[in-house]
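Worksheet: one structure, shown below.
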Amino acid sequence: MKIQNYEKINHEIKSKFEELKEKHPNRLKKKLNVSWSNWGFGLEDLEDSLTRLKQAGVNYIELHGNHYGDDLGYNIEETQKLLKKYDIKVSGVCGMFSAENDLSSNSHISRQAAIDYIRREVEFTSKIGGHYLLVVPGAVGRPNKYDDAEFYRSVQTLKLLAPLFKKHHVKAAIEPIRSAEVSFIHTFEDAKRFIRAVGHEGVMHINGDLYHMQSEEAHISQAILDARNQLINLHLADSNRRALGEGFLDIDTVIMALYLIGFNQDGKFVTPEPLGPGGDPYPAMNSIPNKDELNKLVTQTIDYFREREAELLK
């Protein structure tokens with residue numbers, strides 16, 4: 001039987017990966033850096049989150065970008081103490097962008113709020129040793145466009161902040177999100193076009209998300225290969241946005257593609273973000289979590305990812 005188109009790409013990736021294993025085994029010695037995006041843990045104390053991640057063998061955390069105002073969000077000194085106590089480092093910060101702080105908004109007030117928010121988060125990210133700040137060019141939860149100028153406004157707004165990223169040695173990671181949730185920048189190619197339009201070395205990288213990619217990319221792993229060094233972080237969740245292993249996502253081919261682009265290096269991360277099914281996972285951000293469910297979610301996801309990675313590398 002003739003194989004399907006996506007299977008052809010899968011076979012090509014697998015063949016290249018097997019060749020890498022045979023000819024350059026040293027490039028596979030370092031494992032992928034696994035982090036965890038904690039904003040889905042809701043109103044849980046950071047120390048409880050760090051305890052859970054440490055018990056699961058996770059050494060990095062992607063912190064919720066919760067500095068929505070000068071008096072809100074993680075305190076730097078307290079956060080540094082907790083990170084040191086649990087020997088966990090920060091991969092980056094997950095920037096949260098709504099209509100209230102939208103880089104592309106036709107409201108000057110909302111755009112200014114986005115500028116102020118990013119300034120706070122870049123400085124925080126730098127002080128806690130994070131590598132990147134996730135940036136969404138348009139508001140999440142707003143799938144309908146304002147007008148035909150939103151791309152331009154977003155680019156011009158982020159240009160104002162690009163030198164700040166460079167000054168603080170924090171990488172702006174542009175995240176494409178599925179069209180059901182945002183009005184523009186849905187694919188890696190869209191993100192590259194946006195990055196080129198900003199045209200500044202402070203804004204050069206991409207944050208991928210498997211859940212959004214399965215809706216928008218022709219082939220997830222091919223998009224990873226094409227992104228090469230621009231990809232700095234990859235959010236993980238299965239096809240149903242649940243724990244890895246609970247859906248039909250081809251995580252093996254994703255892992256192989258990551259090794260092929262040399263993603264197993266310092267400063268690059270795979271970061272589970274299994275938020276559950278449905279079009280609006282964001283209420284969880286402000287909810288009181290079920291700790292037993294979160295413990296199971298983290299353990300299953302991390303164990304399954306490491307199991308598949310080990311199978312491929314042996």
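Numbers here are sequence positions counted from 1. As the structure is a computational prediction, the values presented were derived from the model and not from experiment.
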- Report yes if the side chains of Val182 and Ser179 come closer than 4.5 Å at any heavy-atom pair, otherwise no. no

| Any link between Leu83 and Ile76 through a network of hydrophobic side chains (Ile, Leu, Val, Met, Phe, Trp, Tyr) touching at under 4.5 Å? | yes

d(Ile174 CD1, Ser154 OG) to nearest 0.5 Å is 7.5 Å

Closer than 3.5 angstrom, by distance alone: can the side chain of Asp238 be matched with the main-chain N or O of Leu249 as a donor-acceptor pair? yes

Contacts of Leu313 meeting side chain to side chain contact (heavy atoms under 4.5 Å, CB included) (sequence neighbours excluded), chain-then-number -> Phe17, Leu28, Lys31, Tyr259, Glu309

Modelled atom types, side-chain donor and acceptor of Asn10 and His219, under 3.5 Å
yes

In Val90, Leu134, Leu63, Val93, the residue satisfying side chain to side chain contact (heavy atoms under 4.5 Å, CB included) with Thr125 is Val93

For residues 113-138, the ring-ring contact (aromatic ring centres under 6.0 Å, His included) pairs (sequence neighbours left out) are His67-Phe124, Tyr68-Tyr117, Phe97-Tyr117, His131-Phe269

(request) Count the heavy atoms belonging to other residues, nucleotides or ligands that lie under 6.0 Å from NZ of Lys21, then report whether that count exceeds 12. (result) yes

Does Leu158 reach the side chain of Pro137, with side-chain heavy atoms less than 4.5 Å apart?
no

- Query: Could Asp209 and Arg178 be called an ion pair, given the rule that one side-chain N must be under 4.0 Å from one carboxylate O?
  - Reply: no

Across all chains, not counting sequence neighbours, the side chain to side chain contact (heavy atoms under 4.5 Å, CB included) partners of His108 are Arg111

Worksheet item: Above 12 or not: heavy atoms from other molecules or residues under 6.0 Å from NZ of Lys54?
Response: yes

d(Glu123 CD, Arg119 CZ) to nearest 0.5 Å is 9.0 Å

When rounded to the nearest 0.5 Å, the distance separating CD1 of Ile185 from CD of Glu216 is 11.5 Å

Closest non-hydrogen atoms of Ile206 and Lys192, given as atom of the first, atom of the second and distance, are CD1-CG, 4.0 Å

Checklist line | Contact check, side chains of Met96 and His64, non-hydrogen atoms, under 4.5 Å | finding: yes

Residues at least two apart in sequence or cross-chain that pass side chain to side chain donor-acceptor pair (under 3.5 Å) with Asn26, listed by chain then number, are Lys29

In this structure, would Leu210 and Tyr60 fall into the same cluster of hydrophobic residues linked by side-chain contacts under 4.5 Å? no

Using distance only, find each side-chain donor-acceptor pair of residues 225-232 under 3.5 Å and give its atom names and separation, not counting sequence neighbours.
{"from": "Asp226", "atom 1": "OD1", "to": "Gln222", "atom 2": "NE2", "distance (Å)": "3.0"}
{"from": "Gln230", "atom 1": "NE2", "to": "Met204", "atom 2": "O", "distance (Å)": "3.0"}

- Does Ser110 reach the main-chain N or O of Ala99 with its side chain, forming a donor-acceptor pair under 3.5 Å? yes

Query raised in the report: Same cluster for Met213 and Leu258 if Ile/Leu/Val/Met/Phe/Trp/Tyr side chains link at under 4.5 Å?
Result: yes

Self-check item: Test item: Glu78 and Leu46 side chains (from C-beta on) under 4.5 Å apart, heavy atoms
Solution: no

Between Trp36 and Leu275, is there a shared hydrophobic cluster once you connect ILVMFWY residues whose side-chain heavy atoms come closer than 4.5 Å?
-> yes

Output for pair (Leu164 CG, Leu133 CG), nearest 0.5 Å, gives 10.0 Å

Would a 4.5 Å heavy-atom cut-off, applied to side chains only, mark Ile88 and Val58 as touching?
no

*Please lay out, stage by stage, how Ser49 and Glu44 fare under the test side chain to side chain donor-acceptor pair (under 3.5 Å).*
CA-CA 7 Å; Ser49 299; Glu44 177 177 80; 2.5 Å; yes

Crowded around Ile288 CD1? As in, over 12 foreign heavy atoms under 6.0 Å? no

Across all chains, not counting sequence neighbours, the side chain to side chain donor-acceptor pair (under 3.5 Å) partners of Ser215 are none

Hits for side chain to side chain donor-acceptor pair (under 3.5 Å) against Ser183, two or more places apart or cross-chain, chain-then-number order -> Arg142, Glu150

- Does the side chain of Arg241 come within less than 4.5 Å of His212's, by heavy atoms? yes

Tracing side-chain contacts under 4.5 Å among Ile, Leu, Val, Met, Phe, Trp and Tyr outward from Phe248 reaches none

Those residues at least two apart in sequence (or on a different chain) that pass ring-ring contact (aromatic ring centres under 6.0 Å, His included) with His168 are none

Side-chain donor-acceptor contact under 3.5 Å, Asp102 with Tyr146:
yes

Exercise. Looking at side-chain heavy atoms only, is the closest gap between Pro274 and Leu297 below 4.5 Å?
Worked result: yes

Does Asp148 CG have over 12 foreign heavy atoms under 6.0 Å away?
no

Value for CD (Glu273) from CG (Asn38), rounded to nearest 0.5 Å, stands at 10.5 Å

For Val270 and Pro272 the tightest heavy-atom approach is O-CD, 3.8 Å

Taken in chain and number order and not counting sequence neighbours, the residues that satisfy side chain to side chain contact (heavy atoms under 4.5 Å, CB included) with Arg27 are Leu20, His24

Sorted by chain and residue number, the ring-ring contact (aromatic ring centres under 6.0 Å, His included) partners of Tyr304 (sequence neighbours excluded) come out as none

Rounded to the nearest 0.5 angstrom, the CE-CG distance for Met285 and Leu43 is 9.5 Å

Quiz prompt | Note, Ile128 side chain near Gln80 side chain (heavy atom, < 4.5 Å) | solution = yes

query: If only atom types and distance count, is the side chain of Asn59 paired as donor or acceptor with the main-chain N or O of Lys89 below 3.5 Å?
result: no

Sorted by chain and number, sequence neighbours left out, side chain to side chain donor-acceptor pair (under 3.5 Å) with Glu311 holds for Lys314

